[in-house]
Amino acid sequence: MFLHRLVLLSLVSYVFSTDYFVEKFEDKSWEDRWVQSTKKGAEAGKFILTAGKFYGDAEKDKGIKTSQDARFYAVSAKFDKPFSNEDKNLVIQFTVKHEQNIDCGGGYIKVFASDLDQKNMHGDSPYLIMFGPDICGPGTKKVHVIFNYKGKNLLTKKEIRCKDDEMTHLYTLIVKPSNTYEVRIDNEKVESGELEEDWDFLPPKKIKDPNAKKPEDWDDNKKIDDPEDKKPEDWDKPQNIPDPDAKKPEDWDDEIDGEWEPPMIDNPEYKGEWKPKQIDNPNYKGEWVHPEIDNPDYSEDKNLYLYKDIGAVGFDLWQVKAGTIFDNVLITDSIESAEEAAKEFEKTKEGEKKMKDKQDEEERKKQEEEDKKRKEEEESKKKEEEEEEEDEEDEAEDKKDEDKKDEKEEAKEEKSEEEPAEEKKDEDETTEETKRDEL
């Protein structure tokens with residue numbers, strides 16, 4: 001019977017729930033509902049409608065994508081009618097896909113009051129809630145949950161890590177009238193708690209008593225020196241002593257080199273600084289705790305969750321590397337409605353992963369082929385260079401042999417020219433001798 005009533009109450013809650021804003025970016029008509037801010041002028045980036053490079057459904061997965069690097073993005077849409085979340089849940093939900101493998105940039109959404117100046121919207125425009133992922137380098141990968149309370153933007157005290165891959169992820173923030181909250185990623189709870197504890201909405205309930213002081217005789221030392229422990233008489237030894245094995249060099253001249261002193265070495269009998277043993281302090285009273293009193297500045301607020309004029313949503317962010325796709329924006333008072341939308345999101349999630357894995361595999365193979373081709377070209381070029389070097393060496397060797405051959409030929413010719421002269425000389429000498437004999 002109880003379970004039947006619980007189901008009935010849940011159905012009644014769902015039937016009477018309201019989806020205040022739904023945007024699926026299905027076609028170009030989104031431009032009629034969203035207004036581009038002109039505040040940044042030429043520095044403003046442009047959103048384009050696309051499902052991206054990989055998706056589960058080419059139509060359902062269309063969203064608005066940041067298309068220019070190093071730009072400010074500011075676009076917003078107003079609700080048909082402003083509303084208050086008094087006594088109701090407030091659910092903010094949307095999808096984010098950083099398919100560019102973002103290195104630094106925001107991926108969050110902002111909820112505004114109905115008086116937002118859309119054409120002039122910028123980073124300092126007052127907002128009610130800022131929610132979503134923010135990534136910048138390896139150090140910042142978190143989910144922002146920022147509430148504006150009495151004109152101040154309050155950051156959560158908890159660290160909520162965001163997804164940093166290239167896939168589409170669903171971010172959900174639930175703010176309840178019980179002053180509690182819940183953050184979900186891909187419809188799974190990643191953080192929850194009380195607003196008052198996890199944000200500095202209010203001063204602390206308790207403060208240290210300004211009139212309380214630690215008594216002068218309060219002893220908070222657990223250990224003390226043993227008064228009966230005495231330093232041994234033979235304790236004090238020098239840390240360094242002259243090396244007893246060192247000898248004065250034979251060529252040492254005191255008048256020239258000065259008085260010789262042996263080098264110092266560590267003293268094996270040195271025991272270090274003496275300290276008495278520690279014993280339990282018989283007068284130890286424990287750590288003194290500063291007494292607290294009720295904070296006179298504290299005043300309970302049961303409506304920390306409440307915003308009486310919720311009228312617009314927007315994406316106001318900076319990105320170094322563009323390529324983020326936003327989609328499936330839902331502002332509602334129904335957790336059930338958000339969960340139904342999450343089921344629709346999950347239907348295309350598996351297909352998106354398959355397409356991404358296929359592209360990655362094709363890219364891997366392509367890269368392997370390019371690497372193989374580049375390696376073959378490098379090896380071929382290296383081989384050609386080696387062959388050219390060998391040819392040059394062969395040519396040089398041939399030229400060297402040719403030069404030697406020419407030198408030999410020249411030497412031979414020179415020798416041939418010299419031989420007749422020698423023969424003539426011999427003949428002349430023979431003729432002279434014959435003439436003398438005849439005389």
Side-chain angles (χ1 to χ4, degrees), residues 6-7 9-24 79 82-96 107-113 127-134 142-149 153-163 168-202 301-315 326-346 349:
L6 188 63
V7 172
L9 286 171
S10 177
L11 288 172
V12 170
S13 173
Y14 182 69
V15 170
F16 288 96
S17 65
T18 303
D19 293 343
Y20 299 102
F21 185 82
V22 180
E23 178 60 81
K24 296 184 178 180
F79 307 155
F83 70 95
S84 169
N85 65 323
E86 186 171 8
D87 297 327
K88 293 181 290 187
N89 292 322
L90 173 61
V91 183
I92 303 169
Q93 182 169 275
F94 68 112
T95 59
V96 184
Y108 38 78
I109 196 169
K110 291 181 178 180
V111 176
F112 299 88
Y127 60 85
L128 306 178
I129 298 173
M130 181 174 124
F131 169 62
D134 186 19
K142 62 185 177 182
V143 178
H144 279 302
V145 186
I146 303 176
F147 293 104
N148 185 280
Y149 182 72
N153 293 330
L154 308 177
L155 280 68
T156 178
K157 298 175 185 177
K158 292 181 176 178
E159 186 71 23
I160 308 173
R161 188 172 178 86
C162 69
K163 301 293 184 179
T168 301
H169 294 285
L170 182 72
Y171 287 84
T172 308
L173 172 65
I174 303 169
V175 183
K176 301 178 181 180
S178 58
N179 279 333
T180 59
Y181 74 98
E182 184 177 324
V183 174
R184 298 178 182 179
I185 300 179
D186 297 336
N187 208 30
E188 293 184 3
K189 183 173 73 173
V190 295
E191 193 54 81
S192 63
E194 297 184 6
L195 297 178
E196 186 172 348
E197 287 185 3
D198 294 345
W199 284 265
D200 291 325
F201 282 93
L202 306 173
D301 186 349
K302 295 183 178 180
N303 294 322
L304 298 177
Y305 77 97
L306 177 60
Y307 293 100
K308 294 185 177 181
D309 176 26
I310 304 173
V313 293
F315 296 102
F326 299 98
D327 195 10
N328 303 306
V329 182
L330 173 63
I331 309 297
T332 181
D333 58 19
S334 170
I335 297 175
E336 292 80 9
S337 181
E339 289 175 342
E340 285 298 317
K343 290 178 182 178
E344 290 298 314
F345 157 71
E346 288 172 358
K349 192 174 181 182

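Values reported hereafter were calculated over all heavy atoms of this structure, with side chains retained and with hydrogens, waters and symmetry mates removed. These numbers come from a predicted model, not from an experiment. Position 1 is the first residue of the sequence; numbering continues from there.
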- Query: Side chains of Leu202 and Tyr149: closer than 4.5 Å at any heavy-atom pair?
  - Reply: yes
For the student: nearest non-hydrogen atoms of [X] and [Y], plus distance:
X	Y	result
Thr168	Asp186	O-OD1, 4.4 Å
Asn303	Asp301	N-OD1, 2.8 Å
Phe94	Ile109	CE2-CG2, 3.5 Å
Leu154	Asp200	CD1-O, 3.7 Å
Ala338	Val91	CB-CG1, 3.7 Å
Asp19	Ser337	OD1-OG, 2.9 Å

- Any donor-acceptor N or O pair under 3.5 Å, side chains Asp333, Asn89: no
- Message: Would you say Thr172 and Gln93 are linked by a side-chain donor-acceptor pair, where the criterion is simply a distance under 3.5 Å?
- Response: yes
- Task: Please identify each residue that fulfils salt bridge (Lys or Arg N to Asp or Glu O under 4.0 Å) with Asp309, with sequence neighbours left out.
- Result: none
- Item | Set of salt bridge (Lys or Arg N to Asp or Glu O under 4.0 Å) partners for Lys308, sequence neighbours left out | none
Atom [atom1] of residue position [X] - does it have more than 12 heavy atoms of other residues, nucleotides or ligands inside 6.0 Å?
X	atom1	value
Lys88	NZ	yes
Lys157	NZ	yes
Lys158	NZ	yes

- Below 6.0 angstrom between ring centroids: does that apply to Phe79 and Tyr20? no
- Message: Can you tell me which residue among Phe147, Trp199, Phe201 is in a ring-ring contact (aromatic ring centres under 6.0 Å, His included) with Tyr181?
- Response: Trp199
- Message: Looking at Glu346 and Lys349, is there a salt bridge between them, counting it only when a charged N and a carboxylate O are closer than 4.0 Å?
- Response: no
